Every structure is written in structure tokens, then in C-alpha cells.
Amino acid sequence: MKPKFLLFFLFLSINVFAQNFGNIKRYKVNYALAIKGTERLIAIRSFVNDNQKYLLLVDPHNLNTKVELAGHYSLSNLDFGNVQAIFKKSVYIQAMDIALKNDRQMQNAGIDHAIPREKGITLTIDLCPSHKNLDRIIFQSLINEFKKIEQPVPLAVSASGKWVLKHQEDLKWLKKMVSQKELDITWINHSYNHEVNSLPLAENFLLAKNTDLAIEVLENEKLMLKNGLIPSLFFRFPGLVSDQQVVEKTIAYGLIPIGSDAWLAKGQTPNAGSIVLIHGNGNEEFGVKDFIQLLKTKQIDVKNKQWLMFDLRQGLEKELEK
């Protein structure tokens, strides 16, 4: 086994078989340069679990995240401005800059198109609060269609806290698919409460009165960690609704807002490199049907490797790395 491949495998293993942090205390935003040997990472969170201090770490060049003991790294505290300056040419900061370009949009702010020169899509599946079961048919159809082409199949899942709390069996099933190398899931923070009401968009979702963005971001990260999920650098706004202040605050948490240029249930057609959005929480029957139909129409292209699923992180790395 080649050294580079071994390092990649070890890094992947940490993410796939993450431990459950059941006693998290003092969870906070904490920026630092973290160095271990040739590794030069950015710490964006710190917390204590069972009397040991941990860091949520970011590789600014490939957007991977992992959790490790703080004592394994030499740390130099930074503020967010330092991070932006030191790593301004990295994929991480370039992606943030792109996300800020449309921060005034009330709908679909952030990055909505990842890999325009490639033949395929990046699939994102949102899990908003719901009483219905997970649409497992989406995931099973992906596995069946791509098993001879891409295994595991890369996709991103946007998990809301209230979905996670009420759907532990479905979450276990998803984790099982990951452990069996059927799926490679990038876990996107989709807010803790995912507030939705009958008011206009300017007073709805994260723009609803009395919304505390710190709770929506950080409590959901804690819940993900407690359930053995490593939070990615990505954040999806509920309803794809935000304003300039919410976008800027989200980025200040070290996160990259992700939109979509192909929300299937709204009749939007995927193009090469599209970030496709469907809901897998049982509440979007037409979106699920449209995606299954899309897979059927692309069967020949899939077999010929002319239409593939792309990892959101790798797509941005390929587009932005200098």
C-alpha cells in the first residue's frame, strides 16, 4: 500500500468510524493553527468529552474535517481574520469568498454549482424535521445504479437536529450503509430546530423572530458528534432562505453556505456540475420520483462513466485549488 493512499485511508477511517461523543462540555468556536509533523490544519471548534479536550479540525486544501485530541497538536490561537489572511489562497477561503458574492439573496445564497466542467452532479439530500420515515429508496437506488461504477457512492446529507432526534433507526441505517462502504456521506449542518411557519420568507426559517443562530449552528454540531457524525464545513439554510447578516454570521462560524441550482421538486433541471437538492424525509414525493426517473434516463451514461456522482468537497477542490 502506497504511503499517500495509506494516509488517505486512515483519514477516511476516522470520518467513517467516528466515535460517539456523549458527554460534550464547553463546546465553542475556537480558531487555531494546528500543527503535527507536516500536517498544517485549522481548528475551528474545541470541546471537552470525558475530561479530554478535542478539536474539530479542517484541512483548508481539501475541505476534509476530523476530530482529534487537542494534545496531539501544537496550537497557535488565531482570530477569524487571521485564518482568512493566512489561508487566502486555499480552497477553504476561496469557497467562502464565492459564497459571499450572493449573500444579499433571500433565497439560494451560497455556492450552488460545484463542478461545471464535469459530467455528473453533486447530490444533496435534505433531512428536515418530519414524522415520516426516511426515503430509503433514494439511497438504495443510488447504490444499485452505481455499484459497478462508483463504490461507495458520494453524496451529501443535510441533517437537521430535530430529524436526528426523532429518526434514530433511519440514522443507524445510513451509518450502516457508510460502514459497509455503500455510501460516502458528507454531513451538512441543516440547523438544529429548522423553524418553519406561515409567515413571508423575510420572517421565516432562520429569519424568524427570536432565532438564535448560535444554537442553530453549534447545538446541531454537538448533536451530530453525539451521534457519531463528523460535521463538514458546509451549512444549508433551511428553505434555502437567509439574508446578508445570516450569511456573514454563518461564514464567521467557519462554515460554507451551500445552495442548489437544481431543486428537483421545483422543476429545476440539473446541468453538468449541478448541486441537486431533494428531500429524503418522506415529505417530497415528487422530488424523489423525479430523481428516480433521472437515474433511469441516465443509465447508459452511468455505465459509460459519462454521468457520475461527485463529492462536494472534491468538486470544490478541483475547481479552486491553485
Side-chain angles (χ1 to χ4, degrees), residues 107-108 110-160 163 167 169-171 173-174 176-178 180-188 190 194 196 234 236-241 258-315:
Q107 287 191 283
N108 208 28
I111 295 174
D112 65 1
H113 202 88
I115 38 179
R117 291 190 290 272
E118 299 293 346
K119 296 178 180 179
I121 62 170
T122 294
L123 178 63
T124 60
I125 301 175
D126 284 9
L127 299 178
C128 312
S130 172
H131 295 295
K132 297 180 181 178
N133 293 330
L134 180 74
D135 281 310
R136 297 188 186 189
I137 188 174
I138 303 170
F139 304 92
Q140 200 60 61
S141 296
L142 279 169
I143 292 167
N144 293 341
E145 198 64 47
F146 286 92
K147 60 186 174 184
K148 294 182 180 179
I149 309 298
E150 291 183 277
Q151 196 172 21
V153 183
L155 72 156
V157 173
S158 307
S160 63
W163 185 92
H167 295 274
E169 289 304 312
D170 282 329
L171 183 60
W173 183 82
L174 286 174
K176 180 182 177 183
M177 293 300 100
V178 173
Q180 292 179 347
K181 303 294 192 297
E182 301 281 6
L183 300 173
D184 180 12
I185 297 177
T186 300
W187 295 100
I188 296 177
H190 195 35
H194 195 297
V196 59
F234 304 118
R236 170 156 280 163
F237 299 123
L240 299 185
V241 171
I258 295 295
S260 169
D261 63 342
W263 187 339
L264 295 188
K266 292 193 173 184
Q268 298 172 352
T269 303
N271 299 307
S274 282
I275 298 178
V276 174
L277 166 59
I278 58 175
H279 286 77
N281 63 346
N283 288 342
E284 195 175 75
E285 181 181 351
F286 291 112
V288 173
K289 286 183 177 179
D290 286 347
F291 182 71
I292 301 302
Q293 183 60 37
L294 179 64
L295 281 181
K296 289 180 180 178
T297 62
K298 296 292 185 179
Q299 280 181 334
I300 295 175
D301 289 338
V302 169
K303 289 178 181 177
N304 292 328
K305 297 186 179 181
Q306 295 298 304
W307 197 81
L308 301 172
M309 293 288 129
F310 292 103
D311 183 294
L312 183 55
R313 296 161 298 183
Q314 293 174 354

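The residues of the chain are indexed from 1 along the displayed sequence. These numbers come from a predicted model, not from an experiment.
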How long is the span from the OG1 atom in T297 to the CG atom in L294, to the nearest 0.5 Å?
-> 4.5 Å
Heavy atoms of L295 and S141 approach each other most closely as CD1-CB, 3.9 Å
Specify the closest pair of heavy atoms between S160 and L127, including all atoms of both residues, with the distance to one decimal.
-> OG-O, 2.7 Å
Atom CD of Q140 and atom CG of L183: how far apart are they, to the nearest 0.5 Å?
-> 8.5 Å
Whether H190 and H194 hold their rings parallel, tilted or perpendicular, with breakpoints at 30° and 60° | perpendicular
Taking everything shown except I149 itself, do over 12 heavy atoms lie less than 6.0 Å from its CD1?
-> yes
Exercise: identify the closest heavy-atom pair between D261 and I275 = OD1-N, 3.0 Å
Before giving the answer on side-chain contact (heavy atoms from CB on, under 4.5 Å), spell out for L123 and L142 the whole-Å C-alpha distance, their side-chain angles and the decisive distance to 0.1 Å.
-> CA-CA 10 Å; L123 178 63; L142 279 169; 3.4 Å; yes
Are any of the side-chain heavy atoms of V157 and I188 separated by less than 4.5 Å?
-> no
Applying side-chain contact (heavy atoms from CB on, under 4.5 Å) between D301 and each of K305, K298, Q299, report the one that passes.
-> K298
May I ask you to decide whether R236 forms a salt bridge with D126, counting only side-chain N to carboxylate O separations under 4.0 Å?
-> yes
Minimum heavy-atom distance M309-E150, with the two atoms named = O-OE2, 2.6 Å
So, for Q151 and K181, which heavy atoms are closest and what is the spacing to 0.1 Å?
-> CG-O, 3.4 Å
Side chain of T124, backbone of V276: donor and acceptor closer than 3.5 Å?
-> yes
W263 and H279: aromatic ring centres closer than 6.0 Å?
-> yes
D290 CG to L264 CG distance, which is reported to the nearest 0.5 Å = 6.0 Å
Tell me, with the steps shown, if M177 and F139 meet side-chain contact (heavy atoms from CB on, under 4.5 Å).
-> CA-CA 9 Å; M177 293 300 100; F139 304 92; 5.8 Å; no
Nearest-0.5 Å distance that lies between atom CG in L240 and atom CD1 in I258 = 11.0 Å
CH2 (W307) and CD1 (I300) are apart, to the nearest 0.5 Å, by 14.0 Å
Would you check if the side chain of D184 reaches a backbone N or O of P152 as a donor-acceptor pair within less than 3.5 Å?
-> no
Given the rule in the side-chain contact (heavy atoms from CB on, under 4.5 Å) test, do Q107 and F237 qualify, once you have shown the distances and angles that lead to the verdict?
-> CA-CA 9 Å; Q107 287 191 283; F237 299 123; over 6 Å; no
What closest approach, in Å, do D135 and G282 show between heavy atoms, and which atom pair accounts for it?
-> OD2-N, 3.1 Å
In this structure, CG of L312 is separated from CD1 of I121 (nearest 0.5 Å) by 12.0 Å
Hey, mind stepping through L171 and L134 against side-chain contact (heavy atoms from CB on, under 4.5 Å) and telling me if it holds?
-> CA-CA 9 Å; L171 183 60; L134 180 74; over 6 Å; no
May I ask you to decide if A272's main-chain N or O and H113's side chain share a donor-acceptor pair within less than 3.5 Å?
-> yes
Kindly say whether N281 contributes a backbone atom to a donor-acceptor pair with the side chain of H167 at under 3.5 angstrom?
-> no
